[in-house]
Asks: 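Handing you a structure now.
Note that the structure is a prediction, hence the values are computed from the model and not measured.
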Number of protein chains: 2
Amino acid sequence: MNKSPLLQEVTELHAGICNGLADPTRILMLYALVDEPRNVNDLTETLNLPQPTTSRHLKILRQQGLVIGEREGLYIYYRLADKRIIEALDLLRTILNDRLTYRASLVENQNSNQKQE
Amino acid sequence: MNKSPLLQEVTELHAGICNGLADPTRILMLYALVDEPRNVNDLTETLNLPQPTTSRHLKILRQQGLVIGEREGLYIYYRLADKRIIEALDLLRTILNDRLTYRASLVENQNSNQKQE
DNA sequence: GAACTATATGTAAATATCCGAATACACTTA
DNA sequence: TAAGTGTATTCGGATATTTACATATAGTTC
């Protein structure tokens, strides 16, 4: 395995991005930004959070390069830094759904087996 | 925003998967499993970790449904639970690379501007 | 069953994360 | 410059994560 310092560093950034995604609130935030940029208060109300909590999560997303905030007059509008972030999230969600569906089908079979017995 | 309990729960699982990916060691582990299953000692040597550390990370990956371990005789062989996990990781890595490249190009420009001035 | 090998877990210390509440800061408008 | 609105930070405590070291468990082979 290549243990060069470069790989090490890039892998840490890679993990950092994943860490940015590793919170339900932040995932909901990113999906909330799919269609259009939103300001903090908007997100705060949409996600039903205390405003400081919204800001803190946005800071993490910013630090990991997942969102970009730009001030327009009184507001700071946040938007996705890269649309492909949603692709990645969708892919992981698909993997999850397939797993849940598979488990559900196991329960199905289990039930019908029980009925047979 | 739909705040149904179901969405809440699925989003937590979604975040859980991301959390499984949110560690450099675990990312290297997953990439180490791309081509073929490996046992714990194999991974331990490849990643140059203490064996208990390897086991612990594998446990997390297992819990998040990212890898599957199956015993064959004396060894437990771990493999990716779903190849698409690598697709997702690759996509995130691409996003990261593009960002790094972009930043590097900024530095480039900055340098050449300095030379011009 | 004893010895052996592979893998997992307990524990403790260091470190990080999350949240709520209060407060500070930034920008705009009057 | 003062008031007002939007956004960020600080602090505290509770909780979780990571790691190393030691040890336990599980399965195999003799």
Asks: Phosphate oxygens OP1/OP2 of C:dG20: is one of them under 4.0 Å from a side-chain N or O of A:T53?
Replies: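 True: A:T53 side-chain N/O within range (under 4.0 Å) of C:dG20 OP1/OP2.
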Asks: Please work out if A:R71 contacts a base, only the sugar-phosphate, or nothing of the nucleic acid, heavy-atom cut-off 4.0 Å.
Replies: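 Sugar-phosphate, no base atom in range.
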Asks: Look at the side chain of A:P50 and decide which nucleotide, out of D:dT19, D:dT7, C:dG20, has an atom nearest to it.
Replies: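 Comparing D:dT19, D:dT7, C:dG20 against the side chain of A:P50, the answer is C:dG20.
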Asks: Quick check on contacts: within residues 58-65 of chain A, what sits under 4.0 Å from DNA chain C by heavy-atom distance?
Replies: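 A:I60, in order of number.
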Asks: Measure CD/B:Q51 against C1'/C:dA8 and give the value in whole Å, please.
Replies: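 Rounded to the whole Å, the gap is 7 Å.
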Asks: Where along residues 72-81 of chain B does a heavy atom come under 4.0 Å from DNA chain C, residue by residue in number order?
Replies: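 Under 4.0 Å from DNA chain C: B:L74, B:Y75, B:I76, B:Y78.
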Asks: Any side-chain N or O of A:H57 under 4.0 Å from OP1/OP2 of C:dC18?
Replies: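 No, no such contact exists.
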Asks: If I take atom CD1 in residue B:I68 and atom P in nucleotide C:dT7, what distance separates them, rounded to the nearest angstrom?
Replies: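 From B:I68 CD1 to C:dT7 P: 17 Å.
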Asks: Would you mind classifying the nucleic acid contact of A:D42 as base, sugar-phosphate or nothing, using non-hydrogen atoms under 4.0 angstrom?
Replies: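 Here A:D42 touches no strand at all.
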Asks: Measure from CD on A:E12 to C1' on D:dT18 and round the result to the nearest Å.
Replies: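 So the two atoms are 13 Å apart, to the nearest Å.
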Asks: Looking only at non-hydrogen atoms, find the nearest pair between A:C18 and B:I27 and report the distance.
Replies: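 Between these two residues, the closest heavy atoms are SG-CD1, 4.4 Å.
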Asks: The side chain of A:N41 is closest to which nucleotide in this list: D:dA8, D:dT7, D:dA22?
Replies: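 The answer is D:dT7, which lies nearest to the side chain.
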Asks: Given atom CG of B:L43 and atom P of C:dA8, what is their separation to the nearest angstrom?
Replies: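 Spelled out: CG on B:L43 to P on C:dA8 is 10 Å.
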Asks: Just do the side-chain contact (heavy atoms from CB on, under 4.5 Å) check on B:L91 and A:L91 with the steps written out, would you?
Replies: CA-CA 10 Å; B:L91 181 49; A:L91 181 50; 5.5 Å; no
Asks: Rounded to the nearest 0.5 Å, how far does CG of B:L66 lie from CG of B:N19?
Replies: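 Between B:N19 CG and B:L66 CG, I get 10.0 Å after rounding to 0.5 Å.
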Asks: Any side-chain N or O of A:N19 below 4.0 angstrom from OP1/OP2 of C:dT17?
Replies: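 For A:N19, the contact criterion (side-chain N or O under 4.0 Å from OP1 or OP2 of C:dT17) is met.
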Asks: So which heavy atom on B:E12 is nearest to which on A:P24, and how close?
Replies: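 Shortest heavy-atom separation between B:E12 and A:P24 comes out as CG-CG, 3.6 Å.
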Asks: Taking all non-hydrogen atoms of both residues into account, name the closest pair between A:L92 and B:A88 and its distance.
Replies: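 For A:L92 and B:A88, the tightest heavy-atom pair comes out as CD2-CB, 3.7 Å.
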Asks: What is the distance from atom NE2 of B:H14 to atom CD1 of A:I95, rounded to the nearest 0.5 Å?
Replies: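 With rounding to 0.5 Å, NE2 (B:H14) is 9.0 Å from CD1 (A:I95).
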Asks: Nearest of D:dA8, C:dT7, D:dT18 to any side-chain atom of B:R26?
Replies: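 That would be D:dT18.
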Asks: On DNA chain C, does the nearest nucleotide to A:P52 precede the nearest nucleotide to A:A22 from the 5' side, or the other way round? Give the residue.
Replies: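 Whichever sits nearer the 5' end wins; that is A:A22.
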Asks: Tell me: CE of A:M29 to P of D:dT7, nearest whole Å?
Replies: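 Whole-Å distance recorded here is 12 Å.
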Asks: Just verifying a value: how many Å separate B:L80 CG and B:I86 CD1, rounded to the nearest 0.5 Å?
Replies: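 Nearest 0.5 Å value for the CG-CD1 distance: 5.0 Å.
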Asks: Taking CG from B:D23 and C1' from C:dA16, how many angstroms apart are they, rounded to a whole number?
Replies: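 To the nearest whole Å, that distance equals 13 Å.
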Asks: What is the distance from atom CG of B:N39 to atom OH of B:Y78, rounded to the nearest 0.5 Å?
Replies: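 OH of B:Y78 is found 10.0 Å from CG of B:N39.
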Asks: Shortest non-hydrogen contact from B:S55 to B:V40?
Replies: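 Minimum heavy-atom separation between B:S55 and B:V40: OG-CG1, 4.0 Å.
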Asks: Could you state the atom-to-atom distance from CZ of A:R56 to C1' of D:dC11 in whole Å?
Replies: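 Value for this atom pair: 11 Å.
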Asks: What does A:S55 touch in the nucleic acid at a heavy-atom separation under 4.0 angstrom: a base, only the sugar-phosphate, or nothing?
Replies: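 Result for A:S55 = base.
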Asks: Does B:R84 CZ have over 12 foreign heavy atoms under 6.0 Å away?
Replies: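 Result for CZ/B:R84: enclosed.
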Asks: B:L47 has an atom CG; how far is it from atom P of D:dT18, in whole Å?
Replies: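 Distance, rounded to whole Å: 15 Å.
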Asks: Counting only side-chain nitrogens and oxygens, does A:T54 get under 4.0 Å of the OP1 or OP2 atom of D:dT7?
Replies: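 Negative; the distance criterion is not met.
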